[in-house]
Amino acid sequence: MNNKKEVLIGFAVGVIANTFGTLGYILLFSDLGITETFNAAVSQGHVGSLLALGAVLNLVAFFGFLRLKRDHRARGVMVATLLTALIIMYYKFFR
């Protein structure tokens with residue numbers, strides 16, 4: 001049961017890191033607001049790229065957990081990254 005909790009913590013960290021990475025990218029490199037940038041990315045078909053750039057922070061979380069010997073948390077970050085990849089695939093092929 002404890003391992004599942006650790007994976008869930010890692011998953012939450014992965015989702016939060018991806019969210020902050022995406023928001024940080026928007027705030028640093030976009031002249032528009034957050035909502036306008038996301039809507040423009042959806043309409044122009046670039047939401048996958050936006051999410052992928054946000055997922056870069058997952059690398060920091062993943063390798064940080066590995067360095068701290070928190071393998072199950074790193075596994076949770078990996079699951080969050082795979083979920084992001086599936087969302088990117090959805091936007092790429094079905095939108």
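In this text the structure is predicted, and so the values were computed from the model without any measurement.
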### Message
If the condition is ring-ring contact (aromatic ring centres under 6.0 Å, His included), which residues does F93 pass it with, not counting sequence neighbours?
### Response
none
### Task
Check side chain to side chain donor-acceptor pair (under 3.5 Å) between S30 and all other residues, then give those that pass, not counting sequence neighbours.
T37
### Query
Is there a donor-acceptor pair under 3.5 Å between the side chain of E36 and the backbone N or O of G33?
yes
### Query
Do L57 and I16 sit in the same hydrophobic cluster, where Ile, Leu, Val, Met, Phe, Trp and Tyr count as joined when their side-chain heavy atoms come under 4.5 Å apart?
yes
### Task
Please name the pair of heavy atoms, one in I26 and one in I34, separated by the smallest distance, quoted to 0.1 Å.
CG2-CA, 3.9 Å
### Task
Give the cluster check for Y90 versus I87: same hydrophobic cluster or not, with ILVMFWY residues linked at side-chain heavy-atom distances below 4.5 Å.
yes
### Query
Do V42 and L53 belong together in a cluster built from hydrophobic side chains that touch within less than 4.5 Å?
yes
### Message
Quick check: do V56 and Y25 have side-chain heavy atoms less than 4.5 Å from each other?
### Response
no
### Task
Taking all non-hydrogen atoms of both residues into account, name the closest pair between A61 and V13 and its distance.
CB-CG1, 3.9 Å
### Message
Are V15 and I88 connected into the same hydrophobic cluster when the rule is that any two of I, L, V, M, F, W, Y join if their side-chain heavy atoms are below 4.5 Å apart?
### Response
yes
### Query
Is there side-chain contact between L50 and F38, with heavy atoms separated by less than 4.5 Å?
yes
### Query
With no hydrogens and no angle check, is any side-chain donor or acceptor of N39 less than 3.5 Å from a backbone partner on T35?
yes
### Summary
So the salt bridge (charged side-chain N to carboxylate O under 4.0 Å, His left out) pairs with at least one residue in residues 1-17 (sequence neighbours excluded) are E6-R70, E6-R73
#### Entry: Closest contact, heavy atoms only, A17 versus N58
CB-OD1, 3.4 Å
### Query
Closest heavy-atom contact between V47 and Y91?
CG1-CG, 3.1 Å
#### Entry: Closest non-hydrogen atom pair between L83 and F11, with its separation
CD2-CZ, 3.8 Å
### Query
Same hydrophobic cluster for L23 and F29, using side-chain heavy-atom links shorter than 4.5 Å among ILVMFWY?
yes
## Note on the structure
Taking every heavy atom of L66 against every heavy atom of A74, the minimum-distance pair comes out as CD2-CB, 3.8 Å
### Task
Answer yes or no: is there a side-chain heavy-atom contact under 4.5 Å between T22 and L51?
yes
